[in-house]
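Structure first, then comments.
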Amino acid sequence: MKRGQRLFGISLTFGIMSLFWILLSGIFDGFHLISGAICCAIVALISHDLLVKGGAEKMVQKSLRLFRYIPWEFWQIVLANIDVAYRVLHPKMPINPCVIEFETPLRSDFALVTLANSITLTPGTITILVDPETGKFVVHAIAQAPADALLVDQTMQRKVAEVFFVEPSAGGQSAHP
Amino acid sequence: MGPGVFNRVAAVNVIGTKTIALLVLIGYYTERPYFFDIALLYAMLNFIGTLVFARYLERGELWS
Amino acid sequence: MVIIDGIVTLFLAGGLFFTFVGSIGLLRFPDFYTRLHATGKCDTLGAGLIILGLILYHLVHYSESFLVAAKLSFLMLFIFIANPTATHAIMKAAYQTGLVPWKLGDERK
């Protein structure tokens with residue numbers, strides 16, 4: 001990695017670690033602050049390249065768009081759980097599970113993890129397999145209606161692709177039971 | 001309920017998550033603020049334990 | 001003060017209801033994959049709502065220690081990231097070792 005990115009990685013790791021130190025200890029006298037600074041410096045020097053990898057642009061704008069995405073996500077979580085509660089407490093239990101595959105153009109690690117977590121937390125679907133080279137997702141759906149919302153509407157993929165500055169595409173889809 | 005190891009791993013995950021909520025509530029009830037640190041630590045232990053167990057079941061060994 | 005106590009009670013009751021529904025779903029559903037649907041979603045939100053209610057209670061009544069509220073909010077964020085990932089890991093392990101999903105009309109497994 002270049003020198004500028006290495007310095008940015010070390011300082012970002014140092015900042016986050018010292019934030020956690022202050023959060024978890026709560027005592028603000030000289031001994032604790034100095035020992036906290038020493039421990040954070042050692043950790044940041046040894047393992048700074050776990051957090052900042054080479055080749056990530058536009059990080060500030062991506063973080064801002066991520067903060068705008070989170071309230072919509074929380075509302076989807078509440079809707080998802082009301083839907084599952086309805087299916088559990090109904091006396092006839094209307095479920096009809098099937099397995100679905102689709103593709104997305106996202107490639108970076110963080111974007112794939114965000115999409116997989118969002119699919120797991122939304123009504124009726126859980127991700128099974130993620131392939132990081134071709135962007136293929138295998139998803140288990142509990143009824144036909146959430147599966148259609150994920151395959152046909154593609155709301156979730158459009159929202160996550162808008163966060164990470166990637167154009168969404170109508171990738172190849174297939175549903176096999 | 002079914003026999004088999006997968007159902008039992010899911011059950012352990014559920015018990016761990018409920019224990020975290022219970023620890024935070026007991027921390028408020030007995031007015032001791034140290035239970036929140038225990039809850040945070042147990043959340044991390046539960047997560048790592050479930051991941052390691054699922055990886056062992058998938059591959060048959062931990063490191064290849 | 002009574003309004004804030006009412007809202008906190010509402011959050012705690014909602015969290016308790018969702019956790020209870022998750023456990024009922026664990027007993028009622030006929031297959032492993034559908035059981036993971038019930039517990040992985042409802043359990044996460046139930047615990048998250050309980051901790052959210054307690055953060056509100058702490059901010060109103062014990063408002064001199066702000067660090068405890070920050071610690072609890074970090075715990076809630078960690079639960080919302082960690083529980084779906086653990087659910088996905090168990091489901092992937094079951095799928096790769098060949099457990100067949102349930103279709104409408106099979107018997108209960």
Side-chain angles (χ1 to χ4, degrees), chain A residues 16 19-28 70 73-74 76-100 112-131 137-144 146 176-177, chain C residues 14-15 17-46 48-49 52 65-74 77 80-96 100-106:
Chain A
I16 292 183
L19 204 67
F20 273 125
W21 180 278
I22 293 178
L23 177 75
L24 287 178
S25 82
I27 307 175
F28 290 105
I70 286 180
E73 174 74 31
F74 198 74
Q76 288 289 320
I77 295 175
V78 176
L79 274 184
N81 281 287
I82 295 178
D83 183 60
V84 175
Y86 170 69
R87 274 183 218 281
V88 165
L89 293 175
H90 195 88
K92 220 183 318 237
M93 210 159 62
I95 58 175
N96 186 12
C98 49
V99 177
I100 292 172
L112 285 173
V113 163
T114 308
L115 183 60
N117 263 4
S118 302
I119 288 180
T120 306
L121 282 173
T122 43
T125 50
I126 296 186
T127 52
I128 297 182
L129 280 178
V130 176
D131 192 7
F137 275 74
V138 176
V139 164
H140 176 269
I142 202 171
Q144 199 55 35
H176 61 89
Chain C
F17 169 69
F18 277 123
T19 313
F20 189 56
V21 162
S23 295
I24 289 186
L26 191 64
L27 287 173
R28 271 195 86 187
F29 277 146
D31 182 37
F32 171 69
Y33 292 98
T34 49
R35 274 180 216 141
L36 269 191
H37 266 275
T39 64
K41 288 197 230 275
C42 288
D43 214 8
T44 314
L45 186 71
L49 276 184
L52 190 66
S65 60
F66 178 67
L67 276 179
V68 177
K71 203 183 292 189
L72 281 181
S73 66
F74 174 66
L77 191 71
F80 272 127
I81 293 181
N83 264 3
T85 311
T87 307
H88 162 253
I90 301 179
M91 205 178 230
K92 183 165 114 163
Y95 192 71
Q96 302 273 47
V100 179
W102 182 84
K103 274 182 275 303
L104 202 62
D106 290 348

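Here is how names work: the chains are called A, B, and so on, in the same order as the sequence lines, proteins then strands, and each is numbered from 1.
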Exercise. Got a sec, which residues hit ring pair (Phe, Tyr, Trp, His ring centres under 6.0 Å) with C:Phe66, two or more places apart in sequence or on another chain?
Worked result: none
Problem set entry | C:Thr85 portion near chain A, given a 4.5 angstrom heavy-atom threshold | both
Problem set entry | Student check: side-chain heavy atoms of A:Ile126 and C:Tyr33 closer than 4.5 Å | no
For this session: Identify which of A:Ile22, A:Asn81, A:Val88, A:Ile82 forms the greatest number of heavy-atom pairs closer than 4.5 Å to chain C.
Result: A:Asn81
Problem set entry | Shortest non-hydrogen separation from A:Val84 to C:Cys42 and the atoms involved | CG1-SG, 3.8 Å
For this session: Measure the acute angle between the ring planes of A:His140 and C:His37, then classify it against the limits of 30° and 60° as parallel, tilted or perpendicular.
Result: tilted
Problem set entry | Side-chain heavy atoms of A:Ile70 within contact of C:Phe80, under 4.5 Å | no
For this session: Supply the atom-to-atom distance C:His88 NE2 to A:Leu129 CG, rounded to the nearest 0.5 angstrom.
Result: 6.5 Å
Exercise. What part of C:Ile81 lies closer than 4.5 angstrom to a heavy atom of chain A: side chain, backbone, both or neither?
Worked result: both
For this session: May I ask you to name which of A:Val130, A:Leu24, A:Asn117 has the most heavy-atom pairs under 4.5 Å with chain C?
Result: A:Asn117
Exercise. Given a strict heavy-atom distance threshold of 4.5 Å, which part of A:Phe74 is in contact with chain C: side chain, backbone, both, or neither?
Worked result: side chain
Exercise. Residues in salt bridge (charged side-chain N to carboxylate O under 4.0 Å, His left out) with C:Lys92, at least two apart?
Worked result: none
For this session: Quick one: pull up CZ in C:Phe20 and CG in A:Leu89 and give me the separation to the nearest 0.5 Å.
Result: 9.0 Å
Exercise. Ignoring hydrogens and geometry, is there a side-chain-to-backbone donor-acceptor pair from C:Lys41 to A:Thr120 under 3.5 Å?
Worked result: yes
Exercise. Which pair of heavy atoms, one from A:Ile77 and one from C:Leu45, lies closest together, and at what distance?
Worked result: CG2-CD1, 3.6 Å
